[in-house]
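One structure is given here, and the rest of the page talks about it.
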Amino acid sequence: MARMLRSVLHNAFSKPATRPFPEAPRAAFEKARGLVTFDCTDCRFCGACALKCPTGAIRVVREERKILFEPFKCIVCGACLEACRFGSVQMGPERRKPVYEKPVEVYTKPEADKPATPQDRNE
Amino acid sequence: MSEGTSVPFGPQHPVLPEPIQLRISLEDENVVQALPALGYVHRGIEKAGELNDFQQNVFLVERVCGICSSIHALAYCLAVEAVLGLEAPKRASYLRVVWMELHRIHSHLLYLGLLAEAFGFESLFMEFWRVRERVMDLLEMTAGNRVIISVCTIGGVRRDIDAEQARAIREELPKLRDEARRLVDSLLSDYTVRQRTVGKGTIPAALALELGAVGPTLRGSGVAQDMRMAGYAAYGELEFRPVTFPDGDTYSRTAVRAEEVFQSIDLVLAALDNLPEGDLKVGFKGRPEGAALARVEAPRGELIYMVVGNGTKNLERMRVRVPTYANIPALLTVLPGCEFADVPVVTLSIDPCISCTER
Amino acid sequence: MNLIQKARMKSPWILHFNAGSCNGCDIEILSCLTPVYDIERFGAVNVGNPKHADVLLVTGPVNRRNERVLRNLYDQMLDPKIVVAVGTCASSGGVFQNCYNCMGGVDKVIPVDVYVPGCAAKPETIIEGLILGLEKLAKMPSKPKKGAQPAEART
Amino acid sequence: MSVLGEVSGIARIEDAPLESLLDALRAYRQRQARFITASCLDRGDRFEILYLFDEDLRTVAVRTLLPKGAKLPSATGVYLCAFLVENELQDLFGIEVEGLHIDYSGKFLVTDTFDAPPLLKQTACELQLPKENPS
Amino acid sequence: MSTPEIAIRLFAAVLLAPIAGMLLVGLDRRISARLQGRVGPPVTQPFYDLVKLLAKQGDTTSRFQTACLALYLASNVVSLAMVFLGQDLLVMLFVVAFGAVAYIVGGFSAKSPYSQLGTQREMLQLLTYEPLLIFLAVGIYLRTGSFLAADVLRLERPLLPELPVFALTLVVVYCIKLRKSPFDIAASAHHGHQEVVRGPLSEVAGPSLALVELAHWYELPLLLSIAALLWATPLWAGVLLGLACLLASIVVDNVAARLTWSWMLRFGWAVAVPASIANLLYLYATRGGGS
Amino acid sequence: MRDLLIPILVLSPMAGGALALILRGRAARSALVALSAAALVFAAVALASNGLMRYTPGPLTTIDWNRVVLAADVVLLGWFLALAWTRRHPGAFSLALLQAVGFAFLEIRYGERLRVTQGFVVDWLAIAMVLLVSILGSAIALYAIPYMDEHERHHPGVPSRQPRFFALILVFLGAMNGLALSNNLYWTYLFWEITTLCCVLLIAHDGTAEAVASSNRALWMNLVGGCAFLAAILMLAHAQPIGEAMAIDRLVGGPTPYLVPVALLCLAGFTKSAQLPFQGWLLGAMVAPTPVSALLHSSTMVKAGVYLVIRCAPAMQDTGLTNVVALAGAFTFVATAMVAISQRNAKRVLAYSTISNLGLIIACAGLNTAMAVSAAVMLLLFHAVSKALLFLAAGAIEQRIGSREIERMEGLVLRMPWTTALTVLGVLTMLLPPFGVLVSKWAALESAAREPAAMVLFVLGSAFTVLFWVRWIGRLMAVEPGREPEMTEQMPALFRWTMGSVAALAVLLSLLVTQVMQRFVAPVVASYLQVGSEGFRATVADLESRIGSFPVLGLALSLLIAVALAVILASGRRAPTVPYLCGEPPAEGAELAPLGPGDRPAPVRVSGTYLERFFAEERHAAWMTVGGVLLTAAMLGVAAL
């Protein structure tokens, strides 16, 4: 008990280990696996990503030339990233945020004048 | 006249991190019988392993258990590699050791914290988990994720540890060792902890062997058995001796895990020191045909994967035998005779992982 | 914001239930309690008893045996209450899509208020999810519904 | 389909007919081999069951072939700890195990919501997809 | 005591003391958190907990248990008022025991396994701390010649130097009453990680649980004022002594594991009770002072 | 009229008893019991309102009453001899023989010294005792009417022994009144032995082997007491040449040189009150029908022992004897309270608790200050009422559920809500402030505060006491959350009325504790004021002593407010619920049976904790007996020195 006493007293008189979250979030690790997004600029809609996805989070609708991505099925494993030969799948270190309703993200080939943004659609 | 007491312990119970039900019969708070009801986490992974593409299975088996996830992946990969006749590159083997041992550190610190929690030593729980965050950061830094690090793949590893990261690990681990040493000393010498652990749930070595106990549970009974001695990955080239404690009680099992934290730290540092240059993975063609069995040492004991391939992309059979599975009979044997208050402590002393057990 | 809403925001008592998860999210929920994340800062306590809890944190894809347990726990919680599905499996079944014993997400069994992504969900995300859920919890009616009583009437 | 030939990682596989299975297991028990587990494969008209043992870090196995519909004698009399895996065989393969020490009668890991034992080869996965949300 | 003075004291006991108690409960959690290297909840946390519980819809336990818990709360209020009014300490302790009995009977009345198991342990806790408190009262009597709290306040010198053991047994009582390790065997203080869940409170929820939380707000000032009796002049020193006991129990909570009820019984009856008796015998032997 | 009161109190029940033997037919017998009860209550109340008095009966036509007593004694001793002989109990026989020889010697040698001028002296202690006996006794006798009918229904085929039963009960009541009022030790001895005989015969009522064995134990242990009593009379008759040798008011009105007889009387009191080491007979007596337990073994007969000790208290003031008596009582108090924790049988719990409380009374009498004696008298009164209520309720429960096991009473509130409520009330009046028993315990503690050994034992004993009471209530009230009892219950009207009035009496008496103090207790201890020992002062609101105060009114008011508040708070909205069973829902219809291993419903049960590991009777029997024997021996030894 004496050793533990030393520990707790040490804690009492030093700064708490608690990180100030959410007030001052820590920067994500550079190589963290976080947000999966698609950039369809060079996408051929070949479906390799969907085939490799172990959870079926990605659906490629070849005829309509769009990718349906359900981020709340995604386990951020990066298999799609490794499968894609065209660099159309990106993974950033940021965390995805919690939501009230599960979205389905729809990615299409960007028109020349339209930026490549996902359109959210509720299922 | 006395009808005794029979209470359900679980599936949802504050001291149980995972759903399992122990049906406990008591006489004045002394356990006379404990019968488990499993199946609350059974998902059917062995079947899914037959339905999935064998390469996707890596991601599946990592999620058999989140605490020893990378070791599941390693065992699976080793088994499939054996079927395919592959050998992972040297660097990959060493990196595997690094990650496996980091994982073991996190798992053991987690266990030590949970055990402290089981006998209501909240501050010690907090301390262990605070120290554990250091490992979690190392894992996130190197593998990109905290818990499910997803580094193994068939034929090697998916990520590298660069010089910068290696330096960070080398800096961090000694700090961790100091803090953990201080905590482990307080844990193992504490009067109240000894009151709750010494002589509780004693499994003599002969009984442990007879009931098929593995890992720290077996080593806590004084049997020096550790699958890493078989020398998979790069363990054959690194020096280590299994940690054993002789008494077979909760205290011994705890002490084994506590000391293994330091052993693992040494192994990580040694692996980093000897890290050879080279490829991260070997490519392969073809589909698995034939059968292989891989046995590795997970934090909780020996983990066994057997895969049977039939030449298609789907496996014929994927069999998983996890350490907790082997330790449950020993647990059930020693629970009767304990006090009710000891049930969580003794149960935790085998560091049960139910999601492993039920797959 | 009235007093009751503020109190609800500041006193979330948590029940954590592992509905067949791989433990990944569960240990991250536990991490939230520990010094580095310390959700007791927000008044959150892991009570472990459905009768005391306001927030149900569920992990895992829900298997067939603990489906009844999950429903029972949910029923035992007093209104107002929210359910937070933590992790990909709890949200949608995740990697266990081919597993015969899985229900494929918490929302197949009980209504879910907040989905927290991640495999495993990181402690920061869990905290964000909890806070998001509390905003919903605070606005829930304080009196049991009698006919149509507007939820926001009290603000 | 034929039985497994060589299994990489298993040093020796000894075949034992069903009748002398328990004797074979007893021999291992006498040699103080540590029981690891049993593993079952669905081979169409029969099951191929491997009993795995550890002998100083080496894996050895006893194999028996069980025709479908036949009863499997329980190993719990020899190795008590086999009760877990035998209950699992009952659950997942529908094998009836005779003389089981602690018998969960087919509800060890699963509740009875399946039409057929899930690990049989012919059992398609789609059969067991989740029910719709009842509420 | 004049009527206005009685009114003022009653007001202090019934309305002011619980506010102090609330802050102390909050402080207790905060200090525990700091000892564990965390930030911890705000000091006003118990207030929010209470409001939230009161706003819960409905109650899950039986009417009988709710009534028992209300009696538990009432007994805490009354016993605190008795101290403030300078009443008989023995009677005050009986009233405290009344509350404990109500709490236990309430716990037993819920036929739910953990409520039952926890309440059995609660009962053993009562068996452990009750004699310690009565011995304390007797010790005070032996030096003051009176069981009246009012007479203790009139003393010119502190009692503690002659009743040192009781400060220690009081820490034990604090640990038991405040559900702290190593004695949190029936229900843990804040975190529910206990093999008997929340013991007697396992079935109590919503407004009924709020009664219990409120009762704790009275319990802490009560325990504090018992400690203060050991150093009644000047009174602030007594309050400090009480706070020191509280702090000691928090520290003990954080450096000890939870032990078992059999250990507690053995400790209580083989160490704490004999120690109390030894102190009492010393007081008998050196009779004098107030008699 | 005044002069008739005592004969009514003593003789009319006896006559009623004789009549009961002759009368056949339930209705007539019931009417007789009711009539006797009415007469007793009336006479007792009249006696109380009359206050202090002295009375000596004139001769019965030409026969001296002493002759009647002599004849009765002879019959009685002969009966004992015959009883011991027919039951083949050599121990009892030799004790009876010893007594017969002693008695013959007494009559022959000192016959003329046995009469006194004041045959009956009515003081407040006696009035209190008479009130207890008459009111509680009547209630219990009435309760016994439906009880015995049901009792015989449980034992079909055995010829009805009700005439004998009620005869014994009525005779016993007369004897108890005589015992309380008589001022002549020689007469008291007769009444004392009559109660013994009634007790022994009533224990054997059912005629089973166990009943007879218990009856035998009661016989020989009480005969030990009888011997001691007789020895005391002999010694006094020998030592005191004057004509007032047997006058109790002279003998024990103040310090006396005759300590050994006093010690012997205490010993007799110990046997009657089942103090260690004589506790065995009272525990065995629990086999008797419950009205017997209620009447003889808790509220009246066993009180005769402590009554005698309280009476003797002034005589042993400031002697070593009084300290030993105090210690012996306190020892019994702690030891039996401790063992009671391990008891699973409700009646045994009640029996142990009775012994324990009697021990406390004796200890208080032994402490022998004004405060302590006040405590003793108060406890005598309050304990009797509460314990009578508890026994009556236990009897009603036993007849309904067919068991005395506390474990079988789990959730009884659902089946017998009113009886359970009365039981709980009974326990609460034993246990909690501001009820009378606790006020008395407070008084006991305050009066013991200066006596280290007694005080420590009192504190420890009180701590044990809480345990077994609380557990019993807990079992009775254990109901699955979500179920509420419907307050309907079938029971015989006489059960309802007798239990109801005893319960009302228990509460009322507690509320009037200050009045009780002033009326009955203060006069008893008045004599102590002369020796400088101060007792309690009773004001309207408080009970005060020099060292403390018990705010009776304040606490009663607080309790009232608290209960009202509790009722209001408990009336809040309920959410539909099932018990927390770690998540598994209880199976439909079955009682608390969640699915367990193999998805099979497995009933959940939590039995009470009886801590047999610590407190089992067998563990403690040896040292308890040894301690009892040593203390009893010490008592005689100290007196002799």
Side-chain angles (χ1 to χ4, degrees), chain E residues 57-68 70-71 74-75 78 82 87-91 94-95 97-98 101 104-105 107-114 116-117 119-120 123 126-127 130-131 134-135 138 141-142 145-148 197 202-203 205-208 211 265 273 277 280-281 284, chain F residues 410-411 413 431-433 438 442 445-446 449-450 452 455-456 459-460 462-464 466-467 470-471 473-475 477-484 546-551 555 558-559 561-563 565-567 569-575 577 579-582 592 604 606 608-609 611 613-614:
Chain E
Q57 297 166 2
D59 226 325
T60 59
T61 184
S62 67
R63 291 179 200 285
F64 182 73
Q65 188 171 13
T66 306
C68 284
L71 288 179
S75 96
V78 171
M82 286 186 72
Q87 291 283 334
D88 192 306
L89 287 176
L90 278 181
V91 182
F94 288 153
V95 175
F98 182 110
V101 167
I104 292 171
V105 168
F108 271 138
S109 76
K111 194 172 161 187
S112 144
Y114 292 103
Q116 298 276 319
L117 285 173
T119 308
Q120 288 179 357
M123 198 166 76
L126 179 67
L127 182 62
E130 184 69 14
I134 298 186
F135 283 139
V138 174
Y141 160 76
L142 284 175
S146 166
F147 279 107
L148 294 176
V197 192
S202 293
E203 295 294 332
S208 296
L211 293 178
L265 270 190
V273 166
I277 294 176
L280 286 182
L281 288 180
Y284 282 117
Chain F
E410 186 176 308
V413 68
L431 187 61
L432 293 182
L438 203 92
W442 164 78
L445 270 174
E446 299 227 326
R450 285 265 157 218
M455 186 275 304
V456 168
V459 172
L460 301 186
S462 305
F464 290 129
V466 179
L467 225 64
V470 166
R471 183 184 53 212
I473 314 184
R475 293 277 95 184
M477 302 304 294
V479 171
E480 293 96 330
R483 277 180 81 178
E484 304 281 345
R546 205 167 41 77
I547 58 169
S549 82
F550 196 109
L555 284 185
S558 311
L559 182 67
I561 296 171
V563 168
L565 207 69
V567 169
L569 287 172
S571 66
R573 207 180 94 90
R574 306 277 117 180
T577 184
Y580 173 71
L581 297 170
C582 289
L592 276 198
V604 169
V606 178
T609 175
L611 298 175
R613 181 144 64 102
F614 292 100

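Chain A is the first sequence line, chain B the second, and so forth, proteins listed ahead of strands; every chain is numbered from 1.
- Interface residue F:Arg471: backbone and side-chain heavy atoms are both found under 4.5 Å from chain E.
- For the options F:Leu569, F:Val456, F:Leu559, heavy-atom pairs under 4.5 Å to chain E are most numerous at F:Val456.
- Contacts with chain E were tallied for F:Ile561, F:Leu438, F:Val567, F:Ile473; F:Leu438 has the most, counting heavy-atom pairs under 4.5 Å.
- Heavy-atom neighbours of F:Arg613 CZ from other residues, nucleotides or ligands within 6.0 Å: above the threshold of 12.
- The backbone N or O of F:Tyr580 sits less than 3.5 Å from a side-chain atom of E:Glu203, completing a donor-acceptor pair.
- In this structure, chain E has heavy atoms under 4.5 Å from both the backbone and the side chain of F:Glu446.
- Shown are F:Leu432, F:Leu431, F:Leu445; of these, the side chain to side chain contact (heavy atoms under 4.5 Å, CB included) with E:Phe94 is made only by F:Leu445.
- Heavy atoms of E:Val138 lying under 4.5 Å from chain F belong exclusively to its side chain.
- Among all heavy-atom pairs drawn from E:Leu90 and E:Ile134, the shortest one is CD2-CG2, 3.8 Å.
- For F:Glu484, the part lying near chain E is the side chain, with the backbone staying farther off; criterion is any non-hydrogen pair under 4.5 Å.
- Comparing F:Ser571, F:Ser558, F:Ala478, F:Gly474 by how many heavy-atom pairs each has under 4.5 Å with chain E, the most go to F:Ala478.
- Ranked by heavy-atom pairs under 4.5 Å with chain F, the list E:Tyr114, E:Phe64, E:Phe98 is led by E:Phe98.
- Residue contact with chain E, scored on non-hydrogen atoms closer than 4.5 Å, involves the side chain of F:Val466 exclusively.
- Between E:Leu142 and F:Arg450, the closest side-chain pair of non-hydrogen atoms falls below 4.5 Å.
- Between F:Trp442 and F:Phe550, the ring planes lie perpendicular to each other; the angle is over 60°, past the 30° to 60° tilted range.
- Contact count against chain F (heavy-atom pairs under 4.5 Å) is highest for E:Leu127 among E:Leu117, E:Leu127, E:Leu89, E:Val273.
- Nearest heavy atom pair, residue E:Tyr141 against residue F:Ala449, reads CE2-CB, 3.2 Å.
- In terms of heavy-atom pairs under 4.5 Å with chain F, the best-connected choice from E:Gly206, E:Ala97, E:Ala74, E:Ala67 is E:Ala67.
- Chosen from E:Glu130, E:Gln116, E:Arg63, the residue pairing most often with chain F at heavy-atom distances under 4.5 Å is E:Arg63.
- In this structure, the portion of F:Val604 lying under 4.5 Å from any heavy atom of chain E is its side chain and not its backbone.
- With a threshold of 4.5 angstrom between heavy atoms, F:Leu611 approaches chain E through side-chain atoms but not through N, CA, C or O.
- In this structure, chain E has heavy atoms under 4.5 Å from both the backbone and the side chain of F:Phe464.
- The two residues E:Ser208 and E:Asp59 make their nearest non-hydrogen contact at OG-OD1, 2.6 Å.
- Interface remark: of the candidates E:Ala205, E:Pro113, E:Ser202, E:Pro113 forms the most heavy-atom pairs closer than 4.5 Å to chain F.
- No other option in F:Leu581, F:Leu565, F:Leu467 has as many heavy-atom pairs under 4.5 Å with chain E as F:Leu467.
- Note that CD of E:Gln65 is 7.5 Å distant from OG1 of E:Thr119, once rounded to the nearest 0.5 Å.
- Here the closest heavy-atom approach between residue E:Val105 and residue E:Cys68 is recorded as CG1-SG, 4.1 Å.
- Nearest heavy atom pair, residue E:Tyr284 against residue F:Pro452, reads CE1-CB, 3.2 Å.
- Using a 4.5 Å cut-off between heavy atoms, F:Val413 does not touch chain E at all.
- Looking only at heavy-atom pairs under 4.5 Å with chain E, the residue among F:Pro551, F:Ser462, F:Gly411 that has the most is F:Pro551.
- The candidate from E:Ile104, E:Leu126, E:Leu280, E:Leu71 with the greatest count of non-hydrogen atom pairs under 4.5 Å with chain F is E:Leu71.
- Considering all non-hydrogen atoms of both residues, E:Ser62 and E:Ser109 come closest at OG-OG, 4.0 Å.
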